[in-house]
Amino acid sequence: MCRTVYRPTAPGRGPGGSVPYGLPMRATASVLHVDLDAFFAAVEQRDKPSLRGRPVVVGGTGRRGVVSTASYEARHYGVRSAMPAWQARAQLPGGAAFLSGRFDAYRRSSRAALGVLRELSSVVEQVSIDEAYADLAPDWPVDGWSRADAEALAERLRAGVRGATGGLTASVGVGSSKMMAKMASEASKPDGLRVIWPGEEAAFLADLPMRALPGVGPATTEKLRTFGAVTVADLRRMALPDLVSILGEASGHGVHDLARGIDRREVTTHREAKSVSAEETFHQDLTDVREVTAELGLLARRVAARLEKAGLFGRTVGVKLRRHDFSTHLRSTTLAHGTDRAELITEQAVRLALGIGVGDGVRLLGVSVSGFVEHSQELMPLDLGPGVTSGSQESHTADVSSETDAAVGWDDEESHAARLGRVAWPTGADVVHAEHGAGWVWGSGLGRVTVRFEGPTTGPGPIRTFEADDPALRRSDPPAWAP
DNA sequence: TCTGGGGTCCTAGGACCC
DNA sequence: TCTGGGGTCCTAGGACCC
């Protein structure tokens, strides 16, 4: 709910450990937020003069499409983001344009606008294609400056964006935190600029509906409304223990802080991805298991391609299945090692999805991979149940000469105390099976595989490699030579 | 005629370990 | 016979954001 709010893990300290918890993070208006106005629709109106002054909706144009961005002319008729396209059509007069979007053009304009921002600040955090924060403190004398200085800088940015993008307008907010900067830009829209000077936060927030706080959505609003809260000032009057009991630990503290304008999140230039997913809503519900299987394969390939491009290997494969009644079901499974391989992801996704059941029809399918681990050289710890915890460690290596999948196996009848400790595979092992006496490892890629044994051992027998199509091997079973 | 796609974070319960 | 707590990992689902 209030994931946007930083919660210190150690009580009494903010991020970095230097800011006492409970005090505003900054005494200067040094965080800036830029938001490109009605971005997708504005790009379309810029490139197609015939669309200017008319309602423009960019989004899904199919039977089950939703509005991604509505131009201000369309918003005049009550059209909003996330609204079903059919509803937008019903609300708009003739002459309104419905477009499916040209993402390359949007990316180009986004990059141009971001370039202007980077000229002003060395610490820029891109939040989405049309939004970014900048920390002004490293590059500007924010301690000594005035409101007029902040406004001049923001205006310079807006003019720069207009020039670099062929006339797109941006709304800019400046404040003492990310939250205040964002709320300032929101308040200035469209084509505006607003500085909330330190000390003005409480007055700015007081009369706003609590829904205006970033992180307070429909569900939270409804919960709090039953306790009589409407505005941010109402929230401020609620005691922390009450908020926690209504909203839970994290959101309770989060809302308590938000209502006071407290937000200690830093502007960060880089964030690590935590998951990669692809999903699709079908024009017609799927009822055939074979169709479901085929679609999962396509989605898995999209995910695998993006993992590979990013150099990521994930251990957890998830599926999302939405039924015709819009009920949504999630299943996930965690592998012993990371993967980026479409076949393995497909195999797991199909297994999970069929476990949920197709029901009366599948409206949406999704595939995700998360739980990223370091790739190839990462040593994967293997859990083999109770085993030897002390003693010697031995490593054995084998060369893998096949470019396709291969297996490495070993035989260790003499030492029943040894257990497999870790395996390093060139591009990540895919299936691992091991017992005290013998084991095998599936993987792909060329190179040397290292298998490490832990505990007292007389040494494993010869490590052998197999081609993927070796008849002695089957994907999910130990090889024939295993005891 | 219903309600996209890409993400992040939080919660609660169970398993398992110490 | 009854009864611990804390920590971590995993899973399913909810909420929120753009």
Side-chain angles (χ1 to χ4, degrees), chain A residues 1-7 33 35-36 38-40 57-70 80-91 100-101 103 106 110 126-133 178-179 182 185-186 211 213-224 244 247-255 258 265 268 271-283 285 299 302-303 306 315-336 352 355-356 363-371 381 383 385-386 389:
Chain A
M1 226 164 289
C2 283
R3 59 181 179 79
T4 50
V5 175
Y6 178 80
R7 297 252 53 248
H33 181 257
D35 195 319
L36 296 166
F39 181 49
F40 297 168
V57 173
V58 178
T61 51
R63 204 163 67 89
R64 288 174 164 172
V66 298
V67 174
S68 183
T69 310
R80 296 284 180 270
S81 292
M83 178 183 275
W86 62 263
Q87 200 179 329
R89 282 180 203 278
Q91 278 174 224
S100 56
F103 286 86
Y106 306 154
S110 174
Q126 188 173 7
V127 182
S128 69
I129 196 165
D130 65 348
E131 240 185 85
Y133 291 100
K178 280 183 166 181
M179 168 206 174
K182 183 175 171 60
S185 72
E186 189 64 34
R211 181 73 176 81
L213 297 172
V216 176
T220 305
T221 303
E222 185 50 35
K223 271 189 205 165
L224 294 170
V244 168
L247 303 174
E249 193 63 32
S251 298
H253 282 93
V255 166
L258 282 175
R265 293 170 303 157
T268 50
R271 266 190 278 174
E272 304 264 311
K274 301 239 164 99
S275 68
V276 171
S277 66
E279 63 182 55
E280 190 161 338
T281 296
F282 308 106
H283 292 291
D285 293 350
L299 292 166
R302 294 212 313 243
V303 170
R306 283 165 49 201
R315 284 182 59 211
T316 302
V317 177
V319 275
K320 177 165 158 185
L321 186 152
R322 178 123 73 206
R323 294 232 173 88
H324 82 297
D325 63 356
F326 217 74
S327 63
T328 304
H329 306 266
L330 308 167
R331 292 291 182 276
S332 66
T333 186
T334 298
L335 310 169
L352 292 168
I356 303 170
R363 175 193 178 88
L364 168 148
L365 285 173
V367 171
S368 72
V369 172
S370 59
D383 181 10
T389 54

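So that the names make sense, note that chain A is the first sequence line, chain B the second, and so on, each numbered from 1. Keep in mind that this is a model prediction, so the values were computed, not measured.
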Exercise for the section: Return the set of residues passing side chain to side chain donor-acceptor pair (under 3.5 Å) with A/Arg323 (not counting sequence neighbours), or none when no residue passes. Expected result: A/His329
Practice task
Report the residue (A/Gly248 or A/Gly65) whose heavy-atom-nearest nucleotide on DNA chain B is the more 5′ of the two.
Solution key: A/Gly65
Handout entry: Between C1' of C/dG14 and NZ of A/Lys320, the distance in whole Å
Key = 11 Å
Handout entry: Rounded interatomic separation in angstrom, taking CG from A/Leu364 and P from B/dG4
Key = 8 Å
Practice task
Could you tell me whether a side-chain N or O of A/Arg63 sits under 3.5 Å from a main-chain N or O of A/His283, the two making a donor and an acceptor?
Solution key: yes
Problem - Gap between atoms CD and P, on A/Gln91 and B/dT1 respectively (whole Å) - result: 18 Å
Practice task
For A/Glu279, enumerate each residue passing the salt bridge (Lys or Arg N to Asp or Glu O under 4.0 Å) test, keeping only those at least two apart in sequence or located in another chain.
Solution key: A/Lys320
Handout entry: Anti or syn - B/dC2, cut at 90° from 0
Key = syn
Problem - ring centroid sep under 5.5 Å plus plane angle under 30, A/Trp86 with B/dC2 - result: no
Practice task
Taking side-chain contact (heavy atoms from CB on, under 4.5 Å) as the test, write out the residues that go with A/Arg306, two or more places apart.
Solution key: A/Val276, A/Ala278
Exercise for the section: To the nearest Å, give me how far apart CZ (A/Phe40) and P (C/dC18) are. Expected result: 13 Å
Fill in the blank from the handout: The ring-ring contact (aromatic ring centres under 6.0 Å, His included) partners of A/Phe39 (sequence neighbours excluded) come to none
Dump the pairs, protein N or O against N or O of nucleotides 7-12 of chain C, anything under 3.5 Å, distances to one decimal.
from   : atom 1 : to       : atom 2 : distance (Å)
C/dC10 : OP1    : A/Arg315 : NH1    : 3.4
C/dC10 : OP1    : A/Arg315 : NH2    : 3.1
C/dT11 : OP1    : A/Thr334 : N      : 3.2
C/dT11 : OP2    : A/Thr334 : OG1    : 2.4
C/dA12 : OP2    : A/Ser332 : N      : 2.6

Practice task
Could you summarise the pairing of DNA chain C as dot-bracket text, marking Watson-Crick and G-U pairs under 3.5 Å with ( ) or [ ] inside the strand and | across strands?
Solution key: ....||||||||||||||
Practice task
Ignoring backbone atoms, establish whether A/Arg63 has a side-chain N or O less than 4.0 Å from OP1 or OP2 of B/dC2.
Solution key: yes
Handout entry: Within residues 273-282 of chain A, residues whose heavy atoms come under 4.0 Å of DNA chain B
Key = A/Ala273, A/Lys274, A/Ser275, A/Val276, A/Ser277, A/Ala278, A/Glu279, A/Glu280, A/Thr281
Problem - N/O (side chain, A/Arg363) to phosphate O (OP1/OP2, B/dG5) under 4.0 Å - result: no
Handout entry: Any A/Lys223 side-chain nitrogen or oxygen under 4.0 Å from OP1 or OP2 of C/dC16
Key = no
Fill in the blank from the handout: Sequence neighbours excluded, the answer for salt bridge (Lys or Arg N to Asp or Glu O under 4.0 Å) partners of A/Glu222 is A/Arg225
Problem - Among C/dC16, B/dG5, B/dT3, the one nearest A/Val66 by side-chain distance - result: B/dT3
Fill in the blank from the handout: From CG of A/Asp285 across to C1' of B/dG4 the rounded distance in Å is 15 Å
Problem - Residues that A/Asp130 engages under salt bridge (Lys or Arg N to Asp or Glu O under 4.0 Å), provided they are two or more places apart - result: none
Practice task
State which residues pass salt bridge (Lys or Arg N to Asp or Glu O under 4.0 Å) with A/Arg302; sequence neighbours excluded, sorted by chain then number.
Solution key: A/Glu280
Exercise for the section: Could you tell me whether A/Lys182 contacts a base, only the sugar-phosphate backbone, or nothing, with contacts defined as non-hydrogen atoms closer than 4.0 Å? Expected result: sugar-phosphate
Exercise for the section: Using a 4.0 Å heavy-atom cut-off across all strands, classify A/Ile129 as base, sugar-phosphate, or nothing. Expected result: nothing
Exercise for the section: Kindly write out the residues that satisfy ring-ring contact (aromatic ring centres under 6.0 Å, His included) with A/Tyr106, not counting sequence neighbours, or none if the list is empty. Expected result: A/Phe40, A/Phe103
Completion exercise
Taken to the nearest whole Å, CZ/A/Arg89 to C1'/B/dT3 is 15 Å
Problem - Length of the CG-C1' vector between A/Leu213 and C/dA15, whole Å - result: 15 Å
Exercise for the section: Would you mind classifying the nucleic acid contact of A/Arg211 as base, sugar-phosphate or nothing, using non-hydrogen atoms under 4.0 angstrom? Expected result: sugar-phosphate
Problem - Non-hydrogen side-chain atoms of A/Pro218 and A/Arg211 separated by less than 4.5 Å - result: yes
Problem - Phosphate OP1/OP2 of B/dT3 contacted by A/Arg64 side-chain N/O (<4.0 Å) - result: yes
Practice task
Sequence neighbours left out, what passes side-chain contact (heavy atoms from CB on, under 4.5 Å) with A/Val66? Give chain and number order.
Solution key: none
